[in-house]
Amino acid sequence: QVQLVESGGGLVQAGGSLRLTCAASGRTLSTYVMGWFRQAPGKEREFVAGIKISDTSSGTSTYYADAVKGRFTISRDNAKNTVALQMNSLKPEDTAVYFCAARPWVLHTSPNEYQYWGQGTQVTVSS
């Protein structure tokens, strides 16, 4: 069983920045993917960014949705089971509940491919 906990959401003005953190606990595979998704009222849950993590490989693989490329950065924090999403140049359309998710081995962009989910954290960007 894997537990995911998001933190770092809040209220920020357009053009500002926030940093979200996802911490995983419990049993995990040596190679896995952690992804960020978001869901705004009346919209489908959509992929934001993902990162493939391996204890046996020094390199990493990341992927971003077109809407956030150049503004958001996903990275692995000092703790091996923690991933951060640095969000810069935030826009009102970024307002949503942001979810952390995890799955083994392969990075996918569809939310139905992920087995484990956090509770979500609210990000609100004001104009």
Side-chain angles (χ1 to χ4, degrees):
Q1 180 71 287
V2 176
Q3 310 269 73
L4 303 177
V5 179
E6 306 98 331
S7 62
L11 174 64
V12 66
Q13 295 183 77
S17 299
L18 284 173
R19 186 179 180 88
L20 306 183
T21 298
C22 178
S25 61
R27 288 178 54 85
T28 58
L29 299 174
S30 60
T31 301
Y32 61 100
V33 169
M34 296 182 74
W36 288 97
F37 294 79
R38 66 187 183 186
Q39 189 165 24
K43 294 186 177 181
E44 295 282 298
R45 187 169 298 184
E46 65 175 346
F47 174 82
V48 176
I51 184 168
K52 186 175 181 179
I53 299 169
S54 176
D55 289 335
T56 59
S57 300
S58 59
T60 60
S61 180
T62 61
Y63 189 75
Y64 298 91
D66 288 341
V68 306
K69 285 181 180 177
R71 299 189 298 120
F72 291 9
T73 303
I74 188 170
S75 63
R76 186 179 182 178
D77 276 354
N78 290 335
K80 293 182 178 181
N81 62 345
T82 301
V83 167
L85 182 69
Q86 179 66 44
M87 306 185 295
N88 298 326
S89 302
L90 284 162
K91 305 174 180 179
E93 54 260 44
D94 295 319
T95 296
V97 177
Y98 283 70
F99 296 90
C100 180
R103 72 176 317 281
W105 290 104
V106 180
L107 198 160
H108 288 286
T109 60
S110 177
N112 57 298
E113 297 286 349
Y114 288 75
Q115 295 92 342
Y116 306 102
W117 293 87
Q119 81 287 350
T121 185
Q122 177 70 49
V123 172
T124 302
V125 184
S126 64
S127 59

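At distances below 3.5 Å, not a single donor-acceptor pair connects side-chain atoms of T62 with backbone N or O atoms of I51. Judged by distance alone, the side chain of E6 and the main-chain N or O of G120 form a donor-acceptor pair under 3.5 Å.
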Step by step, work out the side chain to side chain contact (heavy atoms under 4.5 Å, CB included) result for F47 and L107. CA-CA 11 Å; F47 174 82; L107 198 160; 4.3 Å; yes
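By the neighbour-count criterion of 12 heavy atoms within 6.0 Å, atom CD of E44 is sparsely surrounded, having that number or fewer from other residues, nucleotides or ligands. Taking a 6.0 Å sphere around OH of Y63, one finds it holds 12 or fewer heavy atoms contributed by other residues, nucleotides or ligands. Heavy-atom contacts from other residues, nucleotides or ligands closer than 6.0 Å to CD of E93 number more than 12.
For Q3, there are no side chain to side chain donor-acceptor pair (under 3.5 Å) partners at least two apart in sequence or on another chain. Applying the side chain to side chain donor-acceptor pair (under 3.5 Å) test to T124 and every residue at least two apart in sequence or in another chain returns Q122. S17 is linked by a side chain to side chain donor-acceptor pair (under 3.5 Å) to N88, counting only residues two or more places apart in sequence or in another chain. Y114 meets the ring pair (Phe, Tyr, Trp, His ring centres under 6.0 Å) test with F37; sequence neighbours excluded.
We find that D94 and K91 are not joined by a salt bridge, their nearest charged nitrogen and carboxylate oxygen being 4.0 Å or further apart.
Placement of V83 and W117 in two distinct hydrophobic clusters is found when ILVMFWY residues are connected by side-chain heavy-atom separations under 4.5 Å, directly or transitively. A chain of hydrophobic side-chain contacts below 4.5 Å, direct or via other Ile, Leu, Val, Met, Phe, Trp or Tyr residues, connects Y98 to V12. Both Y64 and M34 are members of a single hydrophobic cluster when ILVMFWY side chains are connected at heavy-atom separations under 4.5 Å. Hydrophobic clustering (ILVMFWY, side-chain heavy atoms < 4.5 Å, transitive): V68 and F99 are in distinct clusters. Cluster annotation: Y32 and Y116 are assigned to the same hydrophobic cluster (Ile/Leu/Val/Met/Phe/Trp/Tyr, side-chain heavy-atom contacts under 4.5 Å, transitive).
Residue Q86 holds its CD atom at 9.5 Å from OG1 of T21, rounded to the nearest 0.5 Å. Between R38 atom CZ and T95 atom OG1 the span is 9.0 Å, to the nearest 0.5 Å. The OG atom of S7 sits 8.5 Å away from atom CD of Q119, with the distance rounded to the nearest 0.5 Å.
The list of salt bridge (charged side-chain N to carboxylate O under 4.0 Å, His left out) pairs with a residue in residues 115-127, not counting sequence neighbours, is empty. Among residues at least two apart or in separate chains, salt bridge (charged side-chain N to carboxylate O under 4.0 Å, His left out) pairs with a member in residues 12-23 are R19-D77.
Residues L85 and A49 come closest through the heavy atom pair CD1-CB, 4.1 Å. For the pair V123 and G9, the tightest heavy-atom approach, listed with the atom from each and the gap, is CG2-CA, 4.2 Å. Considering all non-hydrogen atoms of both residues, A40 and A96 come closest at N-CB, 3.9 Å.
Taking 4.5 Å as the limit, some side-chain heavy atom of C100 sits within range of a side-chain heavy atom of W36.
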